Protein chains: 2
Amino acid sequence: MTEQHLDDFEGVKAALPDDEMLYDLAELYKIFGDTTRIKLLYILFEGEMCVQHMAELLSVSQSAVSHQLRILKGSRLVRYRREGKTVYYSLADDHVRQIIECGTEHINE
Amino acid sequence: MTEQHLDDFEGVKAALPDDEMLYDLAELYKIFGDTTRIKLLYILFEGEMCVQHMAELLSVSQSAVSHQLRILKGSRLVRYRREGKTVYYSLADDHVRQIIECGTEHINE
DNA sequence: TGAACATATGAACAGTTATTCATATGTTGC
DNA sequence: GCAACATATGAATAACTGTTCATATGTTCA
């Protein structure tokens, strides 16, 4: 006996979000798909921190951290404020936390 | 006046999940960070579908779809059942939906 | 202004990844 | 067994990505 499967191509096609949104969504997840960036975000869960300290804490070069923060900034996942020579980064909002919690649930299934 | 920022390296370090979990988490998000895979998952939101139909629907080669399904299978995000020559894929559980909804919220902020 | 420091950025390189092509595996019906 | 079909898979290639190195920008203080 045959189970039900999708034959209505047009119906399914219509249910798909538009390409732009699918692209944006993939771009967002791509950002979480790197351990350095994930670590940076986890650090910022604890509060704000300057670039050099993040670099030291993760044993990564200052340049690498800066490059990654640029990406996080570009996606509006983090904010920053300058205080003299130092720049402190922090989470932009609570979305990051939610997204990471979502993924963590699957991992710890 | 100085705002509060993190100085307690050891404290923050202790708050970080272990490397293995951070790695797994990044690997999971990496999977969602590709438009073809996101589209496949969205299709499966509607129900189960065979490989060739997915390929046609997305205008991607059968081989490409199969390769991507392999990755999705590997992360236990999709299931499959064989019916004769045909293999039908479907979502493994509701985690996928939750994770994607989480990301969508940030996009539509 | 100039030295010292913190961060940002461009170019180059190495490693990774998605697709394609060719082909193998697996299933059905003759 | 064999032809036809559906799917899976390995190798090769092109595109993308993260890090490093060198250097630029920006800030402070003397």
Side-chain angles (χ1 to χ4, degrees), chain A residues 1-3 5-7 19 22-23 25-41 43-44 48-75 77-90, chain B residues 1-3 5-7 19 22-23 25-41 43-44 48-75 77-90:
Chain A
M1 180 199 170
T2 309
E3 318 235 347
H5 52 260
L6 295 167
D7 292 318
D19 275 3
L22 292 166
Y23 177 81
L25 202 52
E27 285 303 302
L28 177 65
Y29 286 119
K30 218 172 274 184
I31 290 171
F32 290 86
D34 175 76
T35 44
T36 302
R37 286 193 293 266
I38 285 267
K39 285 176 187 174
L40 288 173
L41 292 172
I43 287 176
L44 299 181
E48 66 173 9
M49 192 181 270
C50 70
V51 179
Q52 205 166 62
H53 283 185
M54 292 191 254
E56 284 174 35
L57 206 150
L58 298 184
S59 308
V60 178
S61 74
Q62 175 270 319
S63 179
V65 170
S66 190
H67 276 296
Q68 298 307 341
L69 286 170
R70 190 160 129 68
I71 292 172
L72 294 173
K73 229 187 317 178
S75 308
L77 293 171
V78 303
R79 299 180 189 291
Y80 66 97
R81 72 182 174 88
R82 181 177 274 276
E83 189 177 302
K85 291 173 279 190
T86 309
V87 177
Y88 293 100
Y89 281 82
S90 57
Chain B
M1 181 198 170
T2 311
E3 318 237 349
H5 52 261
L6 296 167
D7 292 316
D19 276 2
L22 291 167
Y23 177 82
L25 202 50
E27 286 302 304
L28 177 66
Y29 286 119
K30 217 172 275 184
I31 290 171
F32 290 86
D34 175 77
T35 45
T36 301
R37 286 191 294 265
I38 284 268
K39 285 176 187 174
L40 287 173
L41 293 173
I43 288 177
L44 299 182
E48 67 174 9
M49 192 180 270
C50 70
V51 179
Q52 205 167 61
H53 284 185
M54 291 191 254
E56 285 175 36
L57 207 149
L58 299 184
S59 307
V60 179
S61 74
Q62 176 270 319
S63 179
V65 170
S66 190
H67 277 296
Q68 297 307 339
L69 286 171
R70 190 160 128 68
I71 293 172
L72 294 172
K73 230 188 315 178
S75 309
L77 293 171
V78 302
R79 301 180 187 291
Y80 66 96
R81 73 181 175 87
R82 181 178 273 275
E83 189 177 304
K85 292 174 276 190
T86 309
V87 177
Y88 292 101
Y89 281 82
S90 56

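Quick note: numbers below take in every heavy atom, side chains included, and nothing from hydrogens, waters or symmetry partners. Predicted model, so just to flag it, every value in this text is computed and none were measured. Naming: A, B, ... by sequence-line order, numbering from 1 per chain.
Look at NE2 on A:His67: it is 13 Å from C1' on C:dC13, rounded to the nearest Å. Atom C1' of nucleotide C:dA18 and atom CG of B:Leu40 are separated by 12 Å, given to the nearest angstrom. For the pair B:Ile71 CD1 and C:dT17 P, the computed distance is 8 Å after rounding to whole Å.
Note on B:Tyr80: nothing from the nucleic acid sits closer than 4.0 angstrom, heavy atoms only. Within 4.0 Å of B:Ser63, counting heavy atoms only, lies at least one base atom of the nucleic acid. Contact annotation for A:Gln62: base contact, defined as any heavy-atom pair under 4.0 Å involving a base atom.
Comparing A:His53 and B:Thr35 by the nucleotide of DNA chain C that holds the closest heavy atom to each, the one mapping nearer the 5' end is A:His53. Of the two residues near DNA chain D, B:Arg82 and A:Gly84, the one whose nearest nucleotide lies more 5' is B:Arg82. Heavy-atom nearest nucleotides on DNA chain D were determined for B:Ala64 and for A:Lys85, and the one closer to the 5' end corresponds to B:Ala64.
No donor-acceptor pair under 3.5 Å is formed between the side chain of A:Arg37 and the backbone N or O of B:Ala26.
For DNA chain D, the span of nucleotides reached by chain A at under 4.0 Å from its heavy atoms goes, 5' to 3', from D:dT17 to D:dT28.
Dashed line: the shortest gap from a side-chain N or O of B:Gln68 to OP1 or OP2 of C:dT19 is under 4.0 Å.
The side-chain contact (heavy atoms from CB on, under 4.5 Å) test with A:Val65 singles out one residue from A:Thr36, A:Leu57, A:Leu40, and that residue is A:Leu40.
For the pair B:Ile43 and B:Leu58, the minimum side-chain heavy-atom distance is below 4.5 Å. In this structure, the side chains of A:Gln52 and A:Thr86 stay at 4.5 Å or more apart for every pair of heavy atoms.
Of the candidate nucleotides C:dG10, C:dC5, C:dG26, C:dG10 has the atom nearest to the side chain of A:Arg70.
B:Leu69 and B:Val78 make their closest contact through O-CG2, 4.3 Å (heavy atoms, listed as atom of the first residue, atom of the second, distance).
By the side chain to side chain contact (heavy atoms under 4.5 Å, CB included) test, A:Lys85 pairs with no residue at all, sequence neighbours left out.
Taking the six-membered ring where tryptophan is involved, the planes of A:Tyr29 and B:Tyr29 are essentially parallel, since the angle between them stays under 30° and well short of 60°.
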